[in-house]
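Structure, as structure tokens:
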Amino acid sequence: MRIIRASHLGMCFGVRDAIAIAAREARQQPVTVLGQLVHNPVVVGDLRQRGVQVADTPEAVHTSTVLISAHGASDKARGALAQQGLRVVETTCPLVHHAHQALQRLIDQGCHPVVIGKRGHVEVRGLTEDLPVCDIVLSEADIAAMEERPRFGVVAQTTQPVDRVDALVNALRRRFPRAEVRFADTVCRPTKQRQAAAIRLARACDVVVVVGGTNSNNTRELAETCRRHCARVHRVEAADEVQAAWFRHDDIVGITAGTSTPDVTITAVERRLDQLGAGWERVAPEPTPAWEAGSSREEELVTAGRH
Ligand code: SF4
């Protein structure tokens with residue numbers, strides 16, 4: 001039995017920054033996050049203990065300072081908060097800002113906006129709430145239901161799987177062969193790195209354990225990506241969910257985690273696997289391909305326009 005850790009996994013710089021800002025603000029005054037700062041119960045629980053409150057709507061905010069989550073928000077939502085006299089603190093990830101700007105550029109070029117993403121997800125709401133018209137698509141059936149326009153401008157929710165995004169852009173081109181389809185690739189590089197590493201991991205392993213919050217979209221997508229390459233994939237939110245019955249004595253076991261999963265949870269899952277398979281051999285992850293190398297915060301920001 002051997003354990004392999006994905007070469008890219010776990011919390012991205014955007015989520016780390018948002019948590020750091022929330023913790024810093026909470027030390028200075030009571031603060032409320034609009035929506036979940038990140039989709040992970042461990043992180044949210046930790047922030048609650050530090051005094052960070054959570055509200056689902058602007059009306060439910062009872063502190064004078066409110067935080068916009070890493071997923072971003074629409075100008076409409078920001079305006080509603082400002083109208084309440086609240087001090088608004090941004091923790092929006094720069095790569096989400098990049099997606100907003102890319103969509104606006106396409107609209108300025110005369111394109112009808114199309115967002116590949118999950119309807120109702122906070123990031124997609126932020127991208128689309130200010131627009132008078134917009135199509136949100138996640139399947140070929142959604143594209144079949146769209147009206148023809150002379151020119152479409154397409155962006156993606158930052159955490160969508162690259163192969164799904166490519167397939168839907170191609171489906172849009174097939175459905176409207178006379179229309180011009182302009183596509184700005186806004187899937188963020190940390191997501192691409194984690195998905196590419198997860199595919200390599202899933203192909204190399206008998207079992208993959210995907211660690212992340214049950215309400216985390218990118219953890220769910222990561223698990224689905226792994227399932228396309230490995231028959232035995234288990235998704236867990238915490239170490240105590242890992243079951244001995246999932247493993248055989250000669251398995252190669254892979255570990256990966258979504259971009260909102262804290263290191264402490266990944267380490268706890270690894271420890272649990274170690275306990276279950278005392279004497280398992282640790283295998284170094286495969287070398288990272290050159291295009292994936294370099295995931296520092298600074299590098300992400302520099303390359304935001306071409307990731
Ligand atoms: S998943 Fe990507 S866009 Fe979202 S917070 Fe992390 S780096 Fe930013």
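Counting starts at 1 for both ligands and their atoms, in listed order.
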- Which of the atoms of ligand 1 are close to Pro190, meaning less than 4.0 Å from one of its heavy atoms? 7 (S)
- Hey, are Glu180 and Arg182 close enough for a salt bridge, meaning a charged N less than 4.0 Å from a carboxylate O? yes
- Quick one: which ligand 1 atoms are inside 4.0 Å of a heavy atom on Thr158? 3 (S), 4 (Fe)
- Item | Region of Asn218 engaging ligand 1 - heavy atom pairs below 4.0 Å | neither
- Message: I'd like to know if Asp185 pairs up with Lys192 as an ion pair, taking the criterion as any Lys NZ or Arg NE/NH1/NH2 lying under 4.0 Å from an Asp or Glu carboxylate oxygen.
- Response: yes
- Indicate if the distance from atom 6 (Fe) of ligand 1 to the nearest N, O or S atom of Cys93 falls below 2.8 Å. no
- Just by distance, do the side chain of Arg272 and the backbone of Val242 share a donor-acceptor pair under 3.5 Å? yes
- Residue, atom and distance of the protein heavy atom nearest atom 6 (Fe) of ligand 1 read Cys12 SG, 2.2 Å
- Message: I need the atoms of ligand 1 closer than 4.0 Å to a non-hydrogen atom of Thr159, numbered in the order shown.
- Response: 1 (S)
- What atoms in ligand 1 come closer than 4.0 Å to a heavy atom of Thr259? 1 (S)
- Message: Quick check on the hydrophobic clustering: are Val264 and Met11 connected, directly or via other members, by side-chain heavy-atom contacts under 4.5 Å?
- Response: no
- Query: What residue and heavy atom of the protein are closest to atom 2 (Fe) of ligand 1, and at what distance?
  - Reply: Cys188 SG, 2.3 Å
- Are side-chain N/O atoms of Thr158 and Glu123 paired as donor and acceptor at under 3.5 Å? yes
- Polar side chain donor-acceptor pair, His112 to Asp135, under 3.5 angstrom: yes
